[in-house]
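Following: one structure in structure tokens, then a few remarks.
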Amino acid sequence: MRLLLILCCITVTWGGPSPHADLVQKYVEAEYGGRFSNNIIADALTDVPGLISRYNYPVEVHTVTTPDGYVLQMHRIPHGRDRNNRPGNKTAVFLQHGMLSSSADYVIVGPENSLAYRLAEEGYDVWMGNARGNYYSRKHTHLDPDDRSNLDFWRFSWEEIGSIDMPTCIDYILDLKGHKKLHFVGFSQGGTVFLVMGALRPEYSEKIISFQGLAPASYFVNNEYGFIKAIAPYEKVLMVLAADAGIGEFLGRSNIFTALGIAACSDQSFLQPLCLAVPILGNSFQRLNATMLPAYIGHAPAGMSIRQLAHYGQSINNKSFRRYDLGLAGNMQNYGQFYPPEYDLSGITCPSYIHYSYRDKLVNYRDVELMSTKLGGPVTMYPVEDRLFTHLDFCWGVDQVKMYHGNVLEGMRLAENL
Ligand SMILES: *[C@@H]1O[C@H](CO)[C@@H](O)[C@H](O)[C@H]1NC(C)=O
Ligand SMILES: *[C@@H]1O[C@H](CO)[C@@H](O)[C@H](O)[C@H]1NC(C)=O
Ligand SMILES: *[C@@H]1O[C@H](CO)[C@@H](O)[C@H](O)[C@H]1NC(C)=O
């Protein structure tokens, strides 16, 4: 009965299903009907455009095709709802999500807490990217992501997201608006891909008013976290497994992790403390609201290529930030040398504002500080003062507003007045 009610309300909204809608729905119906609030379930079932329109914000979906054929979806909030709520010649801000995630990173905790809504209210034209291979960008002009006999669709890591997807999205937005520059916000892997773009296509620095890095991932020199150390040795195994089994995709669709998550995280489940420590997330968020878990689970993971994970594995093992290691022969063929070249960050000349936290286990603060010394432009460091703030709090936390939103806005305005 309750489910019917939910279904009726979803259909009147604008969007389609979220990545894990079918699973959330199955579990809600079979096991936990009625235990979560309708509102949270609705957030869990609908996709990002649906979510945004559910909260009465304007939303647009734009698709762009990269030069190598990937069809990417961008989600736009062109203006605010309560303030600055008329279309106009607003400065664009582009937000890029973290690993295994999507544009949901910037809206998932609702209008009061999420960065995308805040920026729209402050008068910006907000654009959210989706990396090739995720739920919204799992499309290509001629390659099939589901073809198990040909993995060409999945032959990319975050290097291609940085060097091809980001420039394609940025040029599209700037052309459409007739502007020369925009702000770039990147969370975690969203920061990685900005750095890659700056290293391989330094001319794009000219198009950036400011780079706001939210726990941007790059070096893993100082990372002593067990989970990071544990995945690193499997980097080569992962690649071989992937090729043998015909799998190029990692955690894309509904899967066992999602099912376990829902079982453990319903409101009245005695397992709820457990779900706050899901091993893969490794205590990486403290401020999360357990009641919101169905919403997180509906939207993440949103899929990526195995190579993205393997590339981080290489960075961890080699303690360097460099291009994808294709083996001696492949490296010689592609890079003209036996070992992959390091990313040179000195061409990143736009002003950078780096937001990070001391308790972040996935992206260690000393590695963020190391990265910041390599940038070619002016850098301002904004460590989050709260000592409990960790990695996923940047997008999933319920008190992000006072923790770092103000600093992002301050950094953007400082850069605009440079
Ligand atoms: C729109 O804004 C841009 C940059 O903010 C400015 O260069 C341009 O002149 C503006 N265009 C109009 C029509 O106001
Ligand atoms: C957690 O989320 C629920 C549902 O949105 C809300 O009612 C509650 O106030 C939130 N708790 C905190 C601490 O934000
Ligand atoms: C990283 O790889 C280079 C070869 O490109 C090698 O000389 C170096 O020792 C490696 N570093 C580590 C920490 O394994």
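When a residue number appears, it is its place in the shown sequence, counting from 1. Each ligand, and each atom within it, is numbered from 1 in the order the structure gives.
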Between Ser102 and His299, is there a side-chain donor-acceptor contact under 3.5 Å, judged purely by atom types and distance?
no

Just say parallel, tilted or perpendicular for the rings of Tyr365 and Tyr358, cut-offs at 30° and 60°.
perpendicular

Side chain, backbone, both or neither: which part of Arg322 has a heavy atom under 4.0 Å from ligand 3?
side chain

At a 4.0 angstrom heavy-atom cut-off, what protein residues surround ligand 1?
Asn89, His179

Taking everything shown except Lys139 itself, do over 12 heavy atoms lie less than 6.0 Å from its NZ?
no

Under 3.5 Å: N/O of Lys319 near N/O of ligand 3
no

With sequence neighbours excluded, tell me which residues meet side chain to side chain contact (heavy atoms under 4.5 Å, CB included) with Leu414.
Tyr353, Tyr382, Glu410

Are Arg81 and Tyr55 in a cation-pi contact, defined as NZ or CZ under 6.0 Å from the six-membered ring centre and within 45° of the axis?
no

Any salt bridge (Lys or Arg N to Asp or Glu O under 4.0 Å) involving residues 205-214? Give me the pairs, sequence neighbours left out, ordered by first then second residue.
Asp171-Lys207

Using the salt bridge (Lys or Arg N to Asp or Glu O under 4.0 Å) rule, collect all pairs that involve residues 337-357, keeping only residues at least two apart or in two chains.
none

Within a distance under 4.0 Å of any heavy atom of Asn317, pick out the atoms of ligand 3 and give their elements.
13 (C), 14 (O)

